[in-house]
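Heavy atoms only: backbone and side chains are in, while hydrogens, waters and symmetry mates are out. Remember, it's 1-based here, ligands and their atoms both numbered in the order they're listed.
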Amino acid sequence: MAFAFDIDGVLVHGDRLIPEGRRVLDILNGDNELGIRIPHIFLTNGSGKPEVARCEQLSKILHNPVSTDQFIQSHTPMRALAEYYNTVLVVGGEKYRCRDVAEEYGFKDIVVPNDIIAWDETVAPYRVFTEEERLESRPRDFSKVHIEAILVFSDSRDYATDMQIIMDLLRSKNGLYGTVAEDPISQRIPIYFSQGDMLCPTEHPIPRMSQGAFRIGLEAMYRAITGVDLERVVYGKPEMATYKYADEVMASWMETLHGEERVPENIYMIGDNPASDIVGGNMYGWNTCLVRTGVFQGGDNDEHNPANFGVFKNVLEAVTTAPVRGVVRSAESK
Ligand code: G3P
Ligand code: MG
């Protein structure tokens, strides 16, 4: 048995602890009747910071160790793309943090939207470009640079500018800024999104729009302007590739904890978002538990993507209702 935890809306709200989250991790890290460590990984659609920094931050909030070896955020599997593309446009996130993430992943030549604005401010007519932003930007003559792929790592902080620059590149000849391809398909560079959540719980009472909403807007604009559909790749929950990746992480975490590299038979996904955590877990054959501390604010269960293991007040109730008691009982009877 093992657990896969969603983070936002299950264990924390942004930087704020959900108190039951800390108790759950205490239990799984050995504060239980048998004193055993119960394997668990963190599977979040969150993004925008290197894994090491995010795990350090979570360890502090949760008062429990969170290792990068048990942690997957939305763009973690995109690390593999560094092998395939040399020059990439990295979009989203606060300030220049996603450039740091991409560097850490091994991308060799990284461009961010601010580099393009610093080269030519008329690209983004409504943008107020600050001196501070300019200082950290890396402008060059982008009319001579072939950008090979667009990677949306995190939520856009400026939809108008980012959409404009992405659209310019999607319509260009092989990613050469300032050109317009005659055929919108054959010379189009690929675009990847780190996750597809429409909504995200925040301090605001009603969940806010997330990367999925940004993507849908972009797709609609692309279709209206070019007359063709935008092909794209989406990572994160509920995409199957992310769950397969989670299996690999789970198996190697099992080896770290118990010296045996294998995928546990029973995996419980604890999530707050039916449209990502629950639908993905259900499709992948995991047991799914929906909690009421985040996006889900409905009745007995979600109408469209019901959790197959049940709906719980919070993460502590989900973990202790059946699974942990079950394992403790069976271990005691041996
Ligand atoms: O949708 C954005 C992100 O904050 C969601 O994170 O942990 O709920 O998958 P999580
Ligand atoms: Mg969540």
At a 4.0 Å cut-off, with the gap strictly under it, does some heavy atom of K237 reach an atom of ligand 1? yes
Tell me whether ligand 1 is touched by G46 - counting only heavy atoms on the residue side and a distance under 4.0 Å. yes
Decide if the gap between the ring center of Y85 and the ring center of F107 is smaller than 6.0 angstrom. no
Can you tell me how the ring of Y235 sits relative to the ring of Y192, calling it parallel under 30°, perpendicular over 60° and tilted otherwise? tilted
With under 30° as parallel and over 60° as perpendicular, where do the rings of H40 and F5 fit, or are they tilted in between? perpendicular
Would you mind checking which non-hydrogen protein atom is closest to [atom], with the distance to 0.1 Å?
atom	answer
atom 1 (O) of ligand 1	D197 OD2, 2.9 Å
atom 7 (O) of ligand 1	T44 OG1, 2.6 Å
atom 4 (O) of ligand 1	D8 OD2, 2.9 Å
atom 10 (P) of ligand 1	D6 OD1, 3.0 Å

For the atoms O of D8 and OD2 of D6, give the angle they form at the Mg ion (ligand 2), rounded to 10 degrees. 80°
Could you check if a side-chain atom of [X] sits within less than 4.5 angstrom of a side-chain atom of [Y], using non-hydrogen atoms only?
X	Y	result
F42	V66	yes
L58	I7	yes
L290	D302	yes

Is ligand 1 under 4.0 Å from a heavy atom in the side chain of Q195, in the backbone, in both, or in neither? side chain
For ligand 1, is any non-hydrogen atom under 4.0 Å from I7's backbone (N, CA, C, O), its side chain (CB onward), both, or neither? both
Using a cut-off of strictly less than 2.8 Å, determine whether D277 has an N/O/S atom near the Mg ion (ligand 2). no
When you compare ligand 1 with N45, is there at least one nitrogen or oxygen pair between them that comes in under 3.5 angstrom? yes
When rounded to the nearest 0.5 Å, the distance separating CG of L170 from CZ of R188 is 7.0 Å
Under 4.0 Å to a heavy atom of S210 - the qualifying atoms of ligand 1, by number: 1 (O), 2 (C)
How is the N/O/S atom of D272 that comes nearest to the Mg ion (ligand 2) named? OD1
D183 atom CG, over 12 foreign heavy atoms within 6.0 Å: yes
Take atom NZ in K108; do more than 12 heavy atoms of anything else shown fall under 6.0 Å from it? yes
